[in-house]
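Side chains included, hydrogens not; waters and symmetry mates left out as well; all remaining heavy atoms used.
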Amino acid sequence: MVKAYTQEYMYKHPWERVSCASWRKFADKENKRILSHILDVDTLNRSLDPSSGKLYATRVITVHCPGPWFVRKIIGQDICHCLESTVVDARSRSMQLTSRNISLQKFIDVEEKIRYDPHPDNPTGWTICHQETRIRIKPLSTLASMAEKVEQRCADRFLQNSFKGREVMERICKYLEAESGTLGL
(Lines give C-alpha, C1' and ligand atoms only; values in the text may rest on other atoms or scores of the structure.)
Protein backbone atom coordinates (compact mmCIF):
# COMPACT_ATOMS: atom_id res chain seq x y z
CA MET A 1 0.00 0.00 0.00
CA VAL A 2 1.34 3.44 -0.97
CA LYS A 3 0.55 6.53 1.06
CA ALA A 4 0.79 9.87 -0.71
CA TYR A 5 0.93 13.22 1.02
CA THR A 6 0.78 16.55 -0.77
CA GLN A 7 1.30 20.06 0.51
CA GLU A 8 1.39 23.47 -1.07
CA TYR A 9 3.10 26.45 0.43
CA MET A 10 3.43 30.03 -0.73
CA TYR A 11 6.66 31.92 -0.19
CA LYS A 12 6.17 35.68 -0.32
CA HIS A 13 9.50 35.94 -2.08
CA PRO A 14 10.37 35.90 -5.80
CA TRP A 15 11.26 32.61 -7.46
CA GLU A 16 14.93 33.61 -7.90
CA ARG A 17 15.34 34.12 -4.13
CA VAL A 18 13.52 30.90 -3.21
CA SER A 19 15.52 28.80 -5.67
CA CYS A 20 18.74 30.32 -4.33
CA ALA A 21 17.61 29.55 -0.77
CA SER A 22 17.00 25.93 -1.75
CA TRP A 23 20.69 25.54 -2.64
CA ARG A 24 21.75 27.04 0.71
CA LYS A 25 19.30 25.01 2.79
CA PHE A 26 21.83 22.46 4.08
CA ALA A 27 24.93 24.66 4.26
CA ASP A 28 24.35 27.05 7.17
CA LYS A 29 25.22 25.96 10.75
CA GLU A 30 21.87 27.25 12.08
CA ASN A 31 20.05 25.18 9.46
CA LYS A 32 21.99 22.09 10.52
CA ARG A 33 20.65 22.56 14.05
CA ILE A 34 17.06 22.84 12.83
CA LEU A 35 17.42 20.08 10.21
CA SER A 36 19.25 17.74 12.60
CA HIS A 37 17.93 14.66 10.75
CA ILE A 38 20.20 15.61 7.80
CA LEU A 39 23.61 14.12 8.55
CA ASP A 40 25.50 14.85 5.31
CA VAL A 41 25.03 16.20 1.78
CA ASP A 42 27.42 15.43 -1.09
CA THR A 43 27.13 16.75 -4.64
CA LEU A 44 27.80 13.99 -7.15
CA ASN A 45 27.51 16.07 -10.31
CA ARG A 46 26.34 19.35 -11.79
CA SER A 47 25.92 20.19 -15.43
CA LEU A 48 24.51 23.02 -17.47
CA ASP A 49 22.89 22.25 -20.81
CA PRO A 50 23.94 25.23 -22.96
CA SER A 51 21.13 24.75 -25.50
CA SER A 52 18.26 24.67 -22.98
CA GLY A 53 19.92 26.66 -20.21
CA LYS A 54 18.83 24.02 -17.68
CA LEU A 55 20.98 23.17 -14.69
CA TYR A 56 21.05 19.53 -13.61
CA ALA A 57 22.44 18.42 -10.25
CA THR A 58 22.57 15.17 -8.31
CA ARG A 59 23.28 14.96 -4.61
CA VAL A 60 23.41 12.18 -2.03
CA ILE A 61 21.75 13.12 1.25
CA THR A 62 22.37 11.03 4.35
CA VAL A 63 19.56 11.21 6.90
CA HIS A 64 18.78 9.76 10.28
CA CYS A 65 16.11 7.12 9.64
CA PRO A 66 12.58 8.19 10.37
CA GLY A 67 10.24 5.90 12.23
CA PRO A 68 10.17 4.22 15.59
CA TRP A 69 13.34 2.95 17.27
CA PHE A 70 12.19 -0.68 17.22
CA VAL A 71 11.94 -0.61 13.41
CA ARG A 72 15.50 0.73 13.18
CA LYS A 73 16.52 -2.11 15.49
CA ILE A 74 14.82 -4.72 13.24
CA ILE A 75 16.43 -3.39 10.04
CA GLY A 76 19.79 -2.91 11.73
CA GLN A 77 20.40 0.64 10.53
CA ASP A 78 19.65 4.11 11.74
CA ILE A 79 20.80 6.04 8.68
CA CYS A 80 19.48 6.16 5.14
CA HIS A 81 21.03 7.48 1.94
CA CYS A 82 18.83 9.35 -0.52
CA LEU A 83 19.52 10.46 -4.07
CA GLU A 84 18.27 13.94 -4.97
CA SER A 85 17.98 15.00 -8.62
CA THR A 86 17.42 18.68 -9.33
CA VAL A 87 16.48 20.45 -12.55
CA VAL A 88 16.52 24.24 -12.63
CA ASP A 89 15.01 25.92 -15.68
CA ALA A 90 15.81 29.62 -15.28
CA ARG A 91 14.03 30.51 -18.54
CA SER A 92 10.67 29.18 -17.40
CA ARG A 93 11.52 29.93 -13.74
CA SER A 94 10.96 26.41 -12.48
CA MET A 95 12.93 24.26 -10.07
CA GLN A 96 12.14 20.58 -9.51
CA LEU A 97 13.73 18.31 -6.93
CA THR A 98 13.10 14.57 -6.73
CA SER A 99 14.51 12.55 -3.84
CA ARG A 100 14.43 8.77 -3.37
CA ASN A 101 15.94 6.52 -0.79
CA ILE A 102 18.73 4.35 -2.19
CA SER A 103 19.32 2.39 0.99
CA LEU A 104 16.75 0.39 2.95
CA GLN A 105 14.85 -0.27 -0.29
CA LYS A 106 13.95 -3.80 0.73
CA PHE A 107 12.04 -2.29 3.67
CA ILE A 108 10.70 1.06 2.48
CA ASP A 109 10.33 3.17 -0.66
CA VAL A 110 10.14 6.93 -0.21
CA GLU A 111 9.90 9.43 -3.03
CA GLU A 112 9.63 13.16 -2.47
CA LYS A 113 9.00 15.67 -5.24
CA ILE A 114 9.25 19.41 -4.69
CA ARG A 115 8.54 22.00 -7.34
CA TYR A 116 9.04 25.76 -7.08
CA ASP A 117 7.24 27.99 -9.60
CA PRO A 118 6.22 31.64 -9.71
CA HIS A 119 2.82 32.10 -8.04
CA PRO A 120 0.12 32.67 -10.69
CA ASP A 121 -1.37 35.63 -8.75
CA ASN A 122 1.97 37.42 -8.26
CA PRO A 123 4.61 35.83 -10.52
CA THR A 124 7.31 38.43 -9.81
CA GLY A 125 6.92 38.53 -6.04
CA TRP A 126 5.73 35.15 -4.77
CA THR A 127 6.65 31.49 -5.26
CA ILE A 128 4.42 28.46 -4.95
CA CYS A 129 5.95 25.27 -3.60
CA HIS A 130 4.21 21.99 -4.33
CA GLN A 131 5.51 19.03 -2.33
CA GLU A 132 4.46 15.42 -2.73
CA THR A 133 5.75 12.52 -0.66
CA ARG A 134 4.99 8.87 -1.34
CA ILE A 135 5.79 6.24 1.27
CA ARG A 136 5.50 2.51 0.86
CA ILE A 137 6.51 0.05 3.54
CA LYS A 138 7.30 -3.25 1.89
CA PRO A 139 5.52 -6.21 3.42
CA LEU A 140 7.79 -8.24 5.64
CA SER A 141 6.71 -10.97 7.96
CA THR A 142 8.24 -9.07 10.88
CA LEU A 143 6.60 -5.78 9.98
CA ALA A 144 3.45 -6.86 8.16
CA SER A 145 1.13 -6.39 11.12
CA MET A 146 2.49 -2.96 11.91
CA ALA A 147 3.14 -1.65 8.40
CA GLU A 148 0.28 0.84 8.54
CA LYS A 149 1.46 2.25 11.88
CA VAL A 150 5.04 2.46 10.63
CA GLU A 151 3.92 4.23 7.45
CA GLN A 152 1.95 6.72 9.52
CA ARG A 153 4.91 7.38 11.85
CA CYS A 154 7.18 7.87 8.84
CA ALA A 155 4.64 10.20 7.23
CA ASP A 156 4.32 12.20 10.46
CA ARG A 157 8.10 12.56 10.60
CA PHE A 158 8.29 13.66 6.95
CA LEU A 159 5.58 16.27 7.56
CA GLN A 160 7.44 17.59 10.62
CA ASN A 161 10.68 17.74 8.66
CA SER A 162 9.01 19.52 5.73
CA PHE A 163 7.76 22.17 8.17
CA LYS A 164 11.33 22.58 9.44
CA GLY A 165 12.54 22.81 5.84
CA ARG A 166 10.06 25.59 5.05
CA GLU A 167 11.14 27.41 8.22
CA VAL A 168 14.76 27.24 7.06
CA MET A 169 13.84 28.36 3.53
CA GLU A 170 11.91 31.38 4.90
CA ARG A 171 14.88 32.34 7.07
CA ILE A 172 17.31 32.10 4.14
CA CYS A 173 14.95 34.08 1.88
CA LYS A 174 14.76 36.88 4.47
CA TYR A 175 18.54 36.85 4.77
CA LEU A 176 18.91 37.03 0.97
CA GLU A 177 16.35 39.84 0.83
CA ALA A 178 18.29 41.83 3.43
CA GLU A 179 21.56 41.03 1.65
CA SER A 180 20.22 42.30 -1.69
CA GLY A 181 18.95 45.48 0.02
CA THR A 182 22.41 46.30 1.37
CA LEU A 183 23.93 45.75 -2.07
CA GLY A 184 21.47 48.23 -3.58
CA LEU A 185 19.86 45.63 -5.87
Taking side-chain contact (heavy atoms from CB on, under 4.5 Å) as the definition, give me every residue that meets it alongside [X], ordered by chain and number, with sequence neighbours left out.
X     : value
Ser36 : none
Tyr56 : Ser47, Asp49, Lys54, Val87
Arg46 : Thr43, Ala57
Ser22 : Met95, Leu97, Tyr116, Met169

Can you list the residues that meet the side chain to side chain donor-acceptor pair (under 3.5 Å) rule with Glu132, with sequence neighbours excluded?
->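 Residues passing side chain to side chain donor-acceptor pair (under 3.5 Å) with Glu132: Arg134.
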By side chain to side chain donor-acceptor pair (under 3.5 Å) - contacts of Thr58 (at least two apart) =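 Partners of Thr58 under the side chain to side chain donor-acceptor pair (under 3.5 Å) test: Asn45.
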Sequence neighbours excluded, which residues qualify as salt bridge (Lys or Arg N to Asp or Glu O under 4.0 Å) partners of [X]?
X      : answer
Glu16  : Arg93
Arg91  : none
Asp89  : none
Arg166 : none

Hydrophobic clusters join Ile, Leu, Val, Met, Phe, Trp and Tyr when side-chain heavy atoms are under 4.5 Å apart, directly or via other members; which others share one with Phe163?
->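 None; Phe163 is a cluster of one.
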Checking Asn31 side chain against Lys25 main chain: does a donor-acceptor pair fall under 3.5 Å?
->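 Here the side-chain-to-backbone pair exists.
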Would you say the side chain of Ile114 lies within less than 4.5 Å of the side chain of Cys129, judging by non-hydrogen atoms?
->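 Yes, their side chains come closer than 4.5 Å.
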Within-4.5 Å side-chain heavy-atom neighbours: Thr86 and Glu84 |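 SC-SC contact between Thr86 and Glu84 confirmed.
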Do any pairs count as a side chain to side chain donor-acceptor pair (under 3.5 Å) and have a residue in residues 118-128, sequence neighbours left out, and if so which ones?
->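 Matches after skipping sequence neighbours: none remain.
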Tyr5 versus Glu112, side-chain donor and acceptor atoms under 3.5 Å =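 No, Tyr5 and Glu112 have no side-chain donor paired with an acceptor closer than 3.5 Å.
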Salt bridge between Arg33 and Glu30, side-chain N to carboxylate O under 4.0 Å?
->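 Salt bridge present between Arg33 and Glu30.
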